[in-house]
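Beneath this line is the structure, given in C-alpha cells, with notes to follow.
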Amino acid sequence: MKIGVLFFGILKDVVGRAGETVDLPEGARVREVLFYYAREAPRFEAMAPSLAISVNQEYSGADRVLREGDEVGLLPPVSGGSAEDGNDEVRGEVRGEVPGEVRIVRERIDTEAVLGRLKRAADGAAVIFDGVVRDNTRGRRTLYLDYEAYEAMALKQMESLAAEARARFGVRGASIIHRLGRLEIGETSVLIVVAAAHRDAAFEACRWIIDTLKKTVPIWKKEYFEDGAVWADGEAFPKKFDDWERQRGNSQHPND
C-alpha cells in the first residue's frame with residue numbers, strides 16, 4: 001500500500017525533501033515509517049525520540065495501523081519557547097462554533113482590526129498577545145525570520161485551542177492569527193486576542209493559548225543571520241513512541 005510522508009522544519013534538511021510516497025505492506029504501523037527513515041538518514045534516528053507524529057492531520061502514536069492513502073506527518077519540535085505551564089494538558093479537539101477568528105495568513109497582521117472584530121459591549125476586558133520578530137537571538141543579529149507550517153493540521157489545532165480556552169477559562173471569545181513566510185524585524189508573527197467579562201480569565205486564557213500553541217501547533221521558524229541560517233530550537237514533544245529503542249533492533253525495512 002502507498003503512504004504519503006511529509007517532512008517539516010529541520011527534517012526537510014535531514015532527509016533532503018519535503019515529502020514523498022512510500023510502499024508499505026498491508027497492516028504496517030506508523031513505526032515502520034520511522035524505521036525506514038532511521039535507516040536512510042542516521043541523523044533522523046537521533047532526532048526520532050523528540051518527534052511527534054500525525055496521521056491524516058491528527059496526532060498519532062507509533063502503534064497506529066496505517067491504511068492505503070494515509071498521510072503521515074513527521075514533526076520536529078515546534079518553534080516555541082520554554083515557558084512552563086504547570087501540569088495542564090491539551091485535551092482533544094472541541095467541536096462547535098467559537099466566537100472569534102482563527103486564521104493562518106501571509107500578509108501583515110492588523111492588530112487593531114482583529115481586536116475590533118472581537119470586542120463586544122458585554123466584554124469587561126480584552127487581552128492581547130502580540131508576538132513580534134526581534135532583532136537578535138542569543139547575541140546574534142537577526143536579519144529576518146521565515147515561518148512554515150503543516151497548514152491544515154496547524155489550523156485544526158489552533159481552532160481547538162480557541163474552543164478549549166473558551167470552555168476552560170469561561171471567556172467569551174478568542175482570536176488566533178499566525179503569519180507564515182518571511183517576516184521582517186518588528187513585524188507580528190502571532191496575535192492572540194481574548195475577550196471576557198473579567199480580566200483574570202482573559203489574562204489566564206491568553207497566556208495558556210500562547211504557551212500551548214508554542215508547544216503543540218506544527219509551525220516552525222528559520223532564523224536568518226548575517227553569517228548563516230538555522231531552524232529555531234523547539235521544545236521536544238511528549239514522547240510518542242516509548243518502545244522506539246526496544247523495537248528498532250527488530251524492525252524490518254518497509255520495502256523489504
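Nothing fancy with the numbering, it's 1 onward along the sequence. As a basis for the values below, the full set of heavy atoms in this structure was taken, side chains included, without hydrogen atoms, waters or symmetry mates. All of these numbers come straight from a predicted model, not from anything done at the bench.
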Kindly work out whether a path of hydrophobic side-chain contacts (I/L/V/M/F/W/Y, heavy atoms less than 4.5 Å apart) joins [X] to [Y].
X    : Y    : value
L183 : Y144 : no
V72  : Y59  : yes
L191 : L180 : no
L155 : I176 : yes

Should [X] and [Y] count as an ion pair when the cut-off is N to O under 4.0 Å?
X    : Y    : answer
D146 : K221 : no
R182 : E184 : yes
E187 : R179 : yes

Is [X] reaching over with its side chain to a backbone N or O of [Y], donor-acceptor style, under 3.5 angstrom?
X    : Y    : answer
D123 : A125 : no
R29  : D63  : yes
E68  : K2   : yes
R103 : V105 : no
N56  : E71  : yes
S175 : G100 : no
R172 : L118 : yes
R31  : A28  : no
R134 : V132 : no
S50  : M47  : yes

**OP:** Using the salt bridge (charged side-chain N to carboxylate O under 4.0 Å, His left out) rule, take K12 and E148 through it: C-alpha gap first, then chi angles, then the decisive distance, then the call.
**Re:** CA-CA 12 Å; K12 291 196 303 183; E148 74 165 38; 2.7 Å; yes
**OP:** Using the six-membered ring wherever Trp is involved, compare the ring planes of Y37 and F7 and label them parallel, tilted or perpendicular (cut-offs 30° and 60°).
**Re:** perpendicular
**OP:** Indicate the ring-plane relationship of F8 and Y150, choosing parallel, tilted or perpendicular according to the 30° and 60° boundaries.
**Re:** parallel
Subject >> Check against side-chain contact (heavy atoms from CB on, under 4.5 Å), R168 and W208 >> reply: CA-CA 10 Å; R168 180 183 292 220; W208 177 83; 3.4 Å; yes
Subject >> Modelled atom types, side-chain donor and acceptor of T142 and E223, under 3.5 Å >> reply: no
Subject >> Within 6.0 Å of CZ in R43, more than 12 heavy atoms from elsewhere >> reply: no
Original post:
Can you name the closest pair of heavy atoms from L161 and I209 and give their distance?
Top reply: CD1-O, 4.1 Å
Original post:
Got L51 and P76 here, is their nearest side-chain heavy-atom distance under 4.5 Å?
Top reply: yes
**OP:** Working to the nearest 0.5 Å, report the span between CD of E226 and CZ of R140.
**Re:** 9.5 Å
